[in-house]
Asker: 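Can you keep this structure in mind? I'll have questions shortly.
Computed from heavy atoms alone, side chains included, the values below leave out hydrogens, waters and symmetry copies.
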Amino acid sequence: MDVLFLIGRIVFGGFFILNGLGHFMRLEAMSQYAGYKGVPTPKAAVVITGLMLLAGGLSILLGYKVTIGAWLLIVFLVPTAFIMHNYWTEKDPMSQGNQMAHFLKNLALAAAALLTTFIPNWPFSIAP
């Protein structure tokens, strides 16, 4: 069972690590989109949220300071769902459906991150 838990941690944490790296690899494009969505200082916001994703993902992956890492993810995911994926403002049905999928994905991932804060033992962690 511990190995399955570790596999889940690798997939869940890895997802956020890859997305955090994506913030830096696509900094200009993501900053432009954030600006379009009305995010103040979009480039700084993309850098900060990229760091939040990296730290949160590494925390889950390594099992180190998991509660702090999970809250970094939650604090990123919930506002991002409402600001960046506000599907209710979209006029085009395809775009609305796409944004709704991202909105719901972010809320589901935030809920999963919240659940991780209630797991008492993290096998194969670098810290107790």
Asker: Could you tell me which non-hydrogen atom of Ala113 sits nearest to which non-hydrogen atom of Ala70, and how far apart they are?
Answerer: O-CB, 3.4 Å
Asker: Taking only residues at least two apart or on different chains, which pairs with a member in residues 24-49 satisfy salt bridge (Lys or Arg N to Asp or Glu O under 4.0 Å)?
Answerer: Glu28-Lys43, Lys37-Glu90
Asker: With a 3.5 Å distance limit and no angle check, can you tell me whether Ser59 reaches the backbone of Tyr64 through a side-chain donor-acceptor pair?
Answerer: yes
Asker: Taking all non-hydrogen atoms of both residues, which atom of Leu54 and which atom of Ile17 are closest, and how far apart?
Answerer: CD2-O, 3.5 Å
Asker: Rounded at 0.5 Å granularity, tell me how far NE2 in His85 sits from CG in Leu107.
Answerer: 10.0 Å
Asker: Distance from Thr67 atom OG1 to Ile119 atom CD1, nearest 0.5 Å?
Answerer: 10.0 Å
Asker: Run through the side-chain heavy atoms of Ile, Leu, Val, Met, Phe, Trp and Tyr, join any pair under 4.5 Å, and report what else lands in Tyr33's cluster.
Answerer: Tyr36, Val39, Ile83, Met84
Asker: To the closest 0.5 Å, what do you measure between OH (Tyr87) and NE2 (His102)?
Answerer: 14.0 Å
Asker: Rounded to the nearest 0.5 Å, what's the gap from CZ on Phe5 to CG on Asn121? Could you check?
Answerer: 9.0 Å
Asker: At their closest point, which heavy atom of Thr116 faces which heavy atom of Ile60, and how far apart are they?
Answerer: OG1-CD1, 3.9 Å
Asker: How close do Ala110 and Leu77 get, heavy atom to heavy atom, and via which atoms?
Answerer: N-CD1, 3.5 Å
Asker: Which atom pair, heavy atoms only, marks the closest approach of Met52 to Leu73?
Answerer: O-CD2, 4.1 Å
Asker: Return the set of residues passing ring pair (Phe, Tyr, Trp, His ring centres under 6.0 Å) with Phe124 (not counting sequence neighbours), or none when no residue passes.
Answerer: none
Asker: Locate the shortest heavy-atom distance separating Pro123 from Asp2; write the atom from each residue and the value.
Answerer: CG-OD1, 3.4 Å
